[in-house]
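Notes to accompany the following structure.
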Amino acid sequence: MMPHSHNPVMKPHLTTRSLHPESQETPIQFIETDIIYNHLFYRQNHFSYPSLSYSNYWLPINGFVLTQKLLSMQDLLKLPSKKVKVILECAGNKRSFFDPKVFGEQWEKGAISQGYWKGVPLRTLLDLAGIREGAKEVIVEGYDYGKRTDLDSIYTFARSLPLEKALHPDTIIAYEYNNQPIPFKHGYPLRLIVPQWYGMASVKWIKQITITDSNFKGPFQSIDYVYYPHKESNKDTKPVTNINVNSTIQKPLDMDVLNTGKHLIKGIAWTGKGYITKVEVSTDNGKTWLNAKIENENSSGYDWVSWSYEWSIVDKGEYTILSRATDSTNRIQPTTPFWNKKGYGYNAIDKIKVKIE
C-alpha cells in the first residue's frame, strides 16, 4: 500500500462564463477576506483584450477644455494620489436569477470583487486642462474595441460621466490595485474607478478623456447599461448608475446537507448610496427576521460589510434561508427584483435552501 500523503490544499478559482470575450466569476461563496487578489477578481469584457505598451503610453485630455493635455505615465505618477477601497460589481451580477429569464451572460453571485485602488483624482486632470463653461459630461474611452451583434460599425468601449460625478474627489484614474500596478486583465496601465456605480462605469485600458458640452450617445451608454422595464417596448427607460442595495449568503452553500446543531450563516452586504445599516436573516422563508451581526461597520459605503448569524437548529427537515440588507438612505432589498429586459441591477432578497439531517 502507498503511504498516505498529506492532502493538498484546495483553493478556490474563477468560474468561467465565457471565453471570447472573457467573462469569469469570483468564487464569492469561498471568499474569506474583504480584499480580492487579482487572480480571483471577476473579469467582464465586451471585446478581446487590447494590445498596449506601457513604455510609450500617453493619456490625452481633450474636447471642451481650455488647454489640451497629453500626459505620460511619469507625469501622472508625480501628481497627488489617493487610495480608495472600492467594490466593483457588474451590472449583470445575479442575472441568472431573473424570472422570466433574460438574455446575456448568466452570472450567478460572483460578478463582484473589491480591493484598494490608487491613482489620481479625475478632477485633478480635468483642472489641469481647464473645464470650459457649459461642459456637461466627461467621456472616458478604452483601448478595447470590436464589433457588436446589433450594429455594423467597429466600436471602442466608451462611457461618459456627468460632470458632477467626474469631479467627485473619489472618482480616480487608477494605476495600482492592492499596492501593485493594475493587472493587465483589469485595465493596466490606467483604469477609471467610479465608486458606488456599477462596474461598466469604471472603464479599463484608458485611451483618452474627452470633455463634452452634449450628452454622449455611444452604444454602451444609450443602448447597453439602460434599464428597459417593458419587454415589448423601450418606454420608461433610465440609465444604469448607482449600485442597488444588496446582500449575498456565502455560507452555507445552496442545497447543502447539514447536521442538527449550531451553524454560522455568513455573507456580505453592500450598497451604492450611503452605507449598510442593517442586515437581517430569516431561517423560515421570511416568516420571521432576526438581525445579523455586522462585522466591519464603516461609513465609506464604497466596500462591502461582512455579516454573520449563529443558527441553532434541532429539527430535521428542509429550510429556506434569506438575507436582506438596508442602507442609510432607507433602501431595502425587495422580495422581487426590478425586472428589466437586459437583466441589470438584480437585488432581490438572497435565498438558499439547506437540508438538516
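Both backbone and side-chain heavy atoms feed into the values below; hydrogens, waters and symmetry mates do not. Not measured: the values here are computed from a predicted model.
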How long is the straight-line distance from OG1 of Thr283 back to CD1 of Ile321, given to the nearest 0.5 Å?
7.0 Å
Would Tyr42 and Leu19 show up in the same hydrophobic cluster when neighbours are defined by side-chain heavy atoms closer than 4.5 Å?
no
Looking at Arg95 and Glu105, would you say the former's side chain and the latter's main chain have a donor-acceptor pair under 3.5 Å?
yes
Indicate yes or no for a side-chain donor-acceptor contact from Ser222 to the backbone of Lys217 under 3.5 Å, with no hydrogens or angles considered.
yes
So, do Phe220 and Phe157 have ring centers that fall under 6.0 Å from each other?
yes
Taking the six-membered ring for Trp, are Trp117 and Tyr175 closer than 6.0 Å centroid to centroid?
no
Of the non-hydrogen atoms in Asp236 and His230, which two are nearest, and what is the gap between them?
OD2-NE2, 2.6 Å
What I'd like to find out is whether the side chain of Arg132 reaches to under 4.5 Å of the side chain of Ile211, using heavy atoms alone.
no
If you look at every heavy atom in Asn259 and Ile313, which pair is closest and at what distance?
O-CG2, 4.5 Å
Between Tyr225 and Tyr344, does the ring centroid distance fall short of 6.0 Å?
yes
Residue set satisfying side-chain hydrogen bond (donor to acceptor under 3.5 Å, both in side chains) with Lys118, at least two apart, ordered chain then number -> none
Are Trp339 and Val226 grouped together when hydrophobic residues (ILVMFWY) are joined by side-chain heavy atoms under 4.5 angstrom apart?
no
Going by atom types alone, do Ser160 and Gln221 pair a side-chain donor with an acceptor below 3.5 Å?
yes
Heavy-atom count check: over 12 atoms from other residues, nucleotides or ligands less than 6.0 Å from Lys293 NZ?
no
Under 3.5 Å: donor-acceptor pair, side chain of Asn242, backbone of Trp197
no
State plainly whether one hydrophobic cluster holds both Val240 and Val102, where clusters connect Ile, Leu, Val, Met, Phe, Trp and Tyr through side-chain heavy atoms under 4.5 angstrom apart.
no
Quick one: do Ile154 and Arg148 satisfy side chain to side chain contact (heavy atoms under 4.5 Å, CB included)? Show the steps, please.
CA-CA 7 Å; Ile154 298 281; Arg148 291 172 54 98; over 6 Å; no
For the student: nearest non-hydrogen atoms of Pro195 and Lys165, plus distance
O-NZ, 3.2 Å
Could you check whether the rings of Tyr319 and Trp311 sit parallel, tilted or perpendicular, using 30° and 60° as the cut-offs?
perpendicular
Looking at Phe338, I'd like to know if its CZ atom is crowded, meaning that more than 12 non-hydrogen atoms belonging to other residues, nucleotides or ligands lie closer than 6.0 Å.
yes
Do Ile139 and Phe64 belong together in a cluster built from hydrophobic side chains that touch within less than 4.5 Å?
no
Salt-bridged, Asp256 to Lys355, with N to O below 4.0 Å?
no
Could you check whether atom NE2 of His13 has more than 12 heavy atoms from other residues, nucleotides or ligands sitting under 6.0 Å from it?
no
For atom OH of Tyr145, decide whether the heavy atoms of other residues, nucleotides or ligands shown that lie under 6.0 angstrom number more than 12.
no
Calculate, to the nearest 0.5 Å, the distance between atoms CG and CD belonging to Leu264 and Glu310 respectively.
6.5 Å
Does NZ or CZ of Arg324 fall inside the cone over Trp289's six-membered ring, less than 6.0 Å from its centre and within 45° of the axis?
yes
State whether the side chain of Gln44 and the backbone N or O of Ala111 hold a donor-acceptor pair below 3.5 Å, judged by distance alone.
no
Whether Asp327 and Lys273 form a salt bridge (side-chain N of Lys/Arg under 4.0 Å from carboxylate O of Asp/Glu) is what I want to check.
no
Are the side chains of Leu192 and Ile173 in touch, meaning some heavy atoms are under 4.5 Å apart?
yes
Is it the case that the side chain of Gln106 and the backbone of Gly104 share a donor-acceptor pair, with hydrogens and angles ignored and the cut-off at 3.5 Å?
yes
Are the side chain of Asp213 and the backbone N or O of Ala135 linked by a donor-acceptor pair below 3.5 Å?
no
May I ask you to check whether Thr15 and Gln24 show a side-chain donor-acceptor distance below 3.5 Å?
no
For Glu25, salt bridge (charged side-chain N to carboxylate O under 4.0 Å, His left out) partners two or more places apart
Arg17
Quick one: does Leu52's side chain get under 4.5 Å of Trp205's, heavy atoms only?
yes
Are any non-hydrogen side-chain atoms of Ile193 and Thr171 less than 4.5 angstrom apart?
no
Keeping the roles fixed (side chain from Thr212, backbone from Glu137), state whether a donor-acceptor pair exists under 3.5 Å.
no
Would you call the rings of Phe184 and Tyr49 parallel, tilted or perpendicular, where under 30° means parallel and over 60° means perpendicular?
tilted
For the residue pair Thr248 and Lys94, confirm or rule out a side-chain donor-acceptor distance under 3.5 Å.
yes
Are a donor atom and an acceptor atom from the side chains of Ser96 and Glu108 found within less than 3.5 Å of each other?
no
Kindly indicate whether the side chain of Lys351, heavy atoms from C-beta on, has any atom under 4.5 Å from the side chain of Ile249.
no
Can you find a pair of side-chain heavy atoms, one from Pro229 and one from Lys238, that are under 4.5 Å apart?
no
Would you call Asp144-Lys207 a salt bridge at under 4.0 Å N-O?
no
Applying side-chain hydrogen bond (donor to acceptor under 3.5 Å, both in side chains) to Asn62 and not counting sequence neighbours gives Gln208, Thr210
Electrostatic pair Lys109:Asp350 at N-O distance under 4.0 angstrom
yes
Where Tyr227 and Gly345 come nearest, the two heavy atoms and their spacing
OH-CA, 3.9 Å
Are the side chains of Pro12 and Leu40 in contact, using a 4.5 Å heavy-atom criterion?
yes
Note: Arg159-Glu141 ion pair, threshold 4.0 Å (strictly below):
no
When you measure from the side chain of Arg123 to the backbone N and O of Leu167, does any donor-acceptor pair fall under 3.5 Å?
yes
Backbone of Ala292 reached by a side-chain donor or acceptor of Trp307 within 3.5 Å
no
Going by atom types only, do Asp127 and Thr124 share a side-chain donor-acceptor pair under 3.5 Å?
no
Atom OH of Tyr275 and atom OG1 of Thr271: how far apart are they, to the nearest 0.5 Å?
11.5 Å
Residues Ser328 and Thr277: side-chain donor-acceptor under 3.5 angstrom
no
Salt-bridge contact Glu357-Lys316 (side-chain N to carboxylate O under 4.0 Å)
no
Checking ring-ring contact (aromatic ring centres under 6.0 Å, His included) for the pair His186/Tyr177: CA distance, chi angles, key distance, verdict?
CA-CA 9 Å; His186 297 291; Tyr177 178 68; 7.2 Å; no
Measure the CD1-CD1 distance between Ile87 and Ile36 for me, rounded to the nearest 0.5 Å.
9.5 Å
Quick check on the hydrophobic clustering: are Trp58 and Ile206 connected, directly or via other members, by side-chain heavy-atom contacts under 4.5 Å?
no
Please verify the inter-ring angle class for Tyr346 with Phe97; under 30° counts as parallel, over 60° as perpendicular, anything in between as tilted.
tilted
Measuring only between side-chain heavy atoms, which start at C-beta, is Pro60 closer than 4.5 Å to Gln68?
no
Closest contact, heavy atoms only, Thr237 versus Tyr228
CG2-CD2, 3.5 Å
Mark yes or no for whether Gln114, through its side chain, and Trp304, through its backbone, hold a donor-acceptor pair below 3.5 Å.
yes
Taking all heavy atoms of Glu89 and all of Asn246, pick out the closest pair and write down the distance.
OE2-ND2, 3.9 Å
